[in-house]
There are 2 protein chains.
Amino acid sequence: MLSKKTKYGIKALTYLAKTNKECPVQISEIAENENISVKFLERILLELRKAGVLDSKKGKGGGYFLARQPKDILMTDIIRTLEGPIAMVPCVSLNFYKKCDDCPDETVCAVNKLMIQVRDSSLAVFRNNSLEDLIRS
Amino acid sequence: MLSKKTKYGIKALTYLAKTNKECPVQISEIAENENISVKFLERILLELRKAGVLDSKKGKGGGYFLARQPKDILMTDIIRTLEGPIAMVPCVSLNFYKKCDDCPDETVCAVNKLMIQVRDSSLAVFRNNSLEDLIRS
DNA sequence: ACAAATCCTACTCACATTGTAGGAAACAAA
DNA sequence: TTTGTTTCCTACAATGTGAGTAGGATTTGT
Ligand code: FES
Ligand code: FES
């Protein structure tokens, strides 16, 4: 199940991409338009900024704005930042690999082989969708 | 993240498919060979039986066995039984559809459109893999 | 009758998710 | 330089979910 955090993050980013403003957009504006708790969204946008997807400006007239062009922000970036691994088991994760404690040998593990296929197919979708693709469709 | 329940379920089923015995196999035997808590596995196999994937025999000499041929047991059956929806958001689930409470209109929701693609690609993998495919690879 | 196995419900415990509180730091404008 | 506005950051609370356990009821072969 997709976490609310990731869901809210995607919605906030699409909001920023759609309302293609020059000036920074405040958290409260995004939260209001997308029905998200202000304080929760605040933390989410902070994570996205630290990941280099967003940039921000403090003080009066401040707010958030995209750090790159929408076409250069891939879903893989967003998902990995907010949701974590794309793979369903740690042993097939490209960016968050970890051995499965309960499988003696992953080269003969049926779950491993199945989940590699699932990872690849999901990854293809996320890689193939930029923020621009999302607001176009 | 794939739950332990589903992971254990798949492993138990592949064990049954591999050790292609005539007689029923006891929970304790599967649990021991696959490093699974006996009582936890007991509940899992019960769910699979209720879903029609497994069948069982009680009393002495009893145990579990596949209800169908391995090639006729698809991953979609197993995942939906143990893990629940394949989709990452309820609004794109084929078998467990539910409206998203926080999205006013799913026809204009970017998350919805993205997750439909993810669902379709995952579904293709699960539909394309039977229990027989898993033990062959 | 007895032993061996599944069946079934309820319970506990640990952890993650979701959301909130409250202030510190930066910035612009008066 | 003061004031108000905004992001920044940490800690906390409430809730929900996952994982595993306990204990007995039921069925079945010998
Ligand atoms: S090795 Fe990771 S699922 Fe078996
Ligand atoms: S309608 Fe389900 S994610 Fe927006």
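Letters A, B, ... are given to chains in the order of the sequence lines, protein chains preceding strands, and every chain is numbered from 1. For the numbers below, each heavy atom of this structure counts, side chains included, while hydrogens, waters and symmetry mates do not.
Salt-bridge check for A:Arg136 with A:Glu132: passed, with a basic side-chain N closer than 4.0 Å to an acidic carboxylate O. A salt bridge links B:Lys39 to B:Glu42: at least one charged side-chain nitrogen sits closer than 4.0 Å to a carboxylate oxygen. Note on B:Arg68 versus B:Asp77: salt bridge recorded, some NZ/NE/NH1/NH2 to OD/OE distance being below 4.0 Å.
With hydrogens and angles ignored, no donor-acceptor pair closer than 3.5 Å exists between the side chain of B:Glu47 and the base of C:dC8. At a cut-off of 3.5 angstrom, the base of D:dG23 holds at least one donor-acceptor pair with the side chain of B:Lys39. Within 3.5 Å, no donor on the side chain of B:Arg43 pairs with an acceptor on the base of C:dT9, nor the reverse.
Atom pair A:Asp101:CG and D:dA19:P shows a separation of 12 Å (rounding to whole Å applied). Distance, A:Leu2 CG to C:dA16 P: 18 Å, rounded to whole Å. Rounded to whole angstrom, the span from the CD atom of B:Glu42 across to the C1' atom of D:dT26 amounts to 12 Å. Summarising the geometry, the separation between CG on A:Leu48 and P on D:dT7 is reported as 14 Å, rounded to the nearest angstrom. B:Ile44 places its CD1 atom 14 Å from the P atom of C:dT6, with the value rounded to the nearest Å. One atom, NZ of B:Lys7, and another, P of D:dG18, lie 16 Å apart when rounded to the nearest Å. B:Phe40 has its CZ atom 15 Å from the C1' atom of C:dC11, to the nearest Å. For the pair B:Asn35 CG and D:dA19 P, the interatomic distance rounds to 16 Å; values are reported in whole Å.
In this structure, B:Glu83 CD and B:Lys7 NZ are separated by 12.0 Å, a value rounded to the nearest 0.5 Å.
Residue B:Lys4 has its side chain nearest to D:dG20 when only D:dG20, C:dT18, C:dC27 are considered. Residue B:Lys57 places its side chain closer to D:dG29 than to any other of D:dG23, D:dG29, C:dG19. For B:Tyr64, the listed nucleotide lying nearest its side chain is C:dC7; candidates were D:dG4, C:dC7, D:dG29. Side-chain proximity of A:Leu46 to D:dT7, D:dC9, D:dT26: nearest is D:dC9. Considering only side-chain atoms of A:Lys58, the nucleotide from D:dG29, C:dG19, C:dA26 that sits closest is C:dA26.
Between B:Ser56 and C:dA5, a side-chain N or O to OP1/OP2 separation shorter than 4.0 Å is absent. An OP1 or OP2 oxygen of D:dT17 is reached within less than 4.0 angstrom by no side-chain nitrogen or oxygen of B:Ser3. Residue B:Ser28 places none of its side-chain N or O atoms closer than 4.0 Å to OP1 or OP2 of C:dA5.
If A:Lys60 and A:Arg49 are placed on DNA chain D by their nearest nucleotide, the residue sitting closer to the 5' end is A:Lys60. Toward the 5′ end of DNA chain C lies the nearest nucleotide of B:Gly61, the other residue of the pair B:Gly61 and A:Ser37 mapping further downstream.
Each of B:Asp120, B:Leu114, B:Val118 was compared with B:Ile116 under the side chain to side chain contact (heavy atoms under 4.5 Å, CB included) criterion, and only B:Asp120 meets it.
Side-chain contact check for A:Tyr64 and A:Asp55: no donor-acceptor pair (N or O, by modelled atom type) lies under 3.5 Å.
Residue A:Lys50 is classed as a sugar-phosphate contact, given heavy-atom separations below 4.0 Å to backbone atoms only. Among the protein residues, B:Ile27 comes within range of the sugar-phosphate backbone only, with heavy atoms under 4.0 Å from sugar or phosphate atoms but none that close to a base.
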